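Below you'll find the structure, written out as structure tokens, and then a few comments.
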Amino acid sequence: MKRVTILGATGSIGLRTLELVSSFSDEFSVAGLAARGSNVERMADLCRKYAPTAVALLDDGARDALARLLPAPRPELLAGPAGLVSLCRDVPADVVVSALVGGAGLLPTMAAIEAGRTLALANKETLVMAGRLMTSAARERGIPLLPVDSEHSAIFQCLEGHRRSEVERILLTASGGPFRTSSKAELARVSVAAALNHPTWKMGAKITVDSATLMNKGLEVIEARWLFDVAPERVQVIVHPQSIVHSMVEYVDGSVIAQLGVADMGIPILYALTYPHRLPCPAERLDLTRLGALTFEAPDPDRFPCLALARQALEVGDCAPAILNAANEIAVAAFLAGQVGFMRIPELIAEALERVPNRALDGIEACVDVDAETRGLVRGLIPSVALAGAGAR
Ligand code: NAD
Ligand code: MG
């Protein structure tokens with residue numbers, strides 16, 4: 001029986017993970033659950049269903065509300081950023097699924113690594129911010145960082161049983177998002193609803209917008225660099241609108257090995273939970289004859305500048321990817337709130353990369369400081385809702 005702690009339990013990845021725990025109740029039990037706390041009723045339902053040892057909510061008030069909803073005996077209830085860290089560090093678990101969205105996952109995820117827990121990593125923003133620190137901390141303790149991101153799970157599987165020294169390139173596939181064929185003029189006017197209408201995957205709002213700008217793929221290039229210790233120029237992004245080939249690895253002899261499957265995060269989540277074994281995932285099966293064609297094309301750097309910004313930050317190194325990430329989080333939140341247009345997202349990120357001083361990534365504090373400074377700067381560049389437009393007043 002594996003005890004699983006889930007950070008971001010009420011989110012898209014968290015809930016899919018819990019469905020898998022239900023499907024394989026002889027294999028998994030729930031150790032800890034963490035979430036922001038915006039939906040206390042849902043967390044109470046999850047506690048009744050999965051009987052975790054402990055729950056951590058970011059919001060103190062939400063923790064108290066949860067206590068009122070759950071009569072004793074109830075799980076240990078923790079709150080605040082320190083509560084999330086404590087959940088990862090102090091509550092025994094065999095695997096921690098890191099599936100908070102954004103930089104908020106950094107300290108708890110590091111705490112899980114430092115406590116020696118196997119990590120199933122969905123929260124790519126943490127690796128973008130502190131990839132070198134996280135991978136070296138995991139290496140020191142001999143802990144696997146198992147990818148949950150579908151592309152990285154695919155690459156991980158394509159690398160299994162092969163020599164790393166014989167890898168020529170990683171071919172990272174991207175759906176292209178809802179605006180794959182939109183013109184630049186159309187992109188400047190897209191609505192929030194259109195950006196949230198992803199053609200192949202159902203995910204949380206932030207990653208769905210990232211998929212529309214292609215920043216998600218930029219973050220994934222950085223994620224691949226750290227997870228697989230590969231030079232960034234060896235990671236090629238290929239747009240594949242059907243989201244069936246989840247990524248590929250090309251070897252020096254010209255052989256290309258791909259991993260395919262339906263677009264269901266259950267498959268990579270379950271593989272991270274059961275690695276190196278496999279279980280029959282309750283997911284639709286791939287029927288290639290019904291699909292017909294799989295197509296591939298190059299991404300357009302002109303319409304989707306986020307991809308180049310991410311590569312630029314990776315090349316600059318140190319805390320530049322943390323600046324990129326923080327600026328993107330604030331810009332995406334502002335887009336979702338109707339405060340800025342879609343094409344303002346890459347502009348804000350470029351401005352942050354120019355204006356926030358980079359510094360040596362000599363510890364997690366540097367990362368946390370740069371993250372805060374960037375958020376402050378970018379917030380200052382965004383008009384308040386009241387100024388945004390006629391409808392807002
Ligand atoms: P989501 O928005 O659906 O869920 C986010 C979860 O994190 C929620 O439980 C929320 O309560 C919690 N959370 C958010 N901010 C928090 C904070 N400050 N403190 C504590 N908890 C907080 O997001 P998602 O789509 O499940 O994505 C989660 C992570 O997984 C992201 O990093 C995303 O890039 C990655 N990912 C998601 C998918 C997918 O299919 N959804 C695929 C690949 C990678
Ligand atoms: Mg992905």
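Please read these numbers as outputs of a predicted model, since none were measured by experiment. Numbering of ligands and ligand atoms starts at 1, following listing order.
Residue Val332 is tested with Asp210, Ile207, Ile349 for a side-chain contact (heavy atoms from CB on, under 4.5 Å); the sole match is Asp210. Exactly one of Arg311, Gln236, Glu151 qualifies for a side-chain contact (heavy atoms from CB on, under 4.5 Å) with Val221. That residue is Arg311.
Heavy-atom neighbours of Glu233 CD from other residues, nucleotides or ligands within 6.0 Å: above the threshold of 12.
Sorted by chain then number, the residues whose non-hydrogen atoms approach ligand 1 to under 4.0 Å are Gly8, Ala9, Thr10, Gly11, Ser12, Ile13, Ala35, Arg36, Leu58, Leu84, Ala99, Leu100, Val101, Ala104, Ala122, Asn123, Lys124, Glu125, Asp149, Met203, Gly204, Ile207, Met265.
The closest side-chain heavy-atom distance from Leu121 to Leu146 is not below 4.5 Å.
In this structure a side-chain-to-backbone donor-acceptor pair under 3.5 Å is missing from Ser153 to Asp149.
Between His162 and Tyr251, the angle of the ring planes lies from 30° to 60°, which puts this pair in the tilted group. Relative ring orientation between Phe342 and Phe335 is described as perpendicular, the plane-to-plane angle rising above 60° on a 0-90° scale split at 30° and 60°.
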Stepwise side chain to side chain donor-acceptor pair (under 3.5 Å) check, Tyr271 with Gln259: CA-CA 13 Å; Tyr271 191 58; Gln259 187 262 353; over 6 Å; no

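Of all protein atoms, those that are N, O or S and lie under 2.8 Å from the Mg ion (ligand 2) total 3.
With no hydrogens or angles considered, a side-chain donor-acceptor pair links Ser98 and Thr109 at under 3.5 Å.
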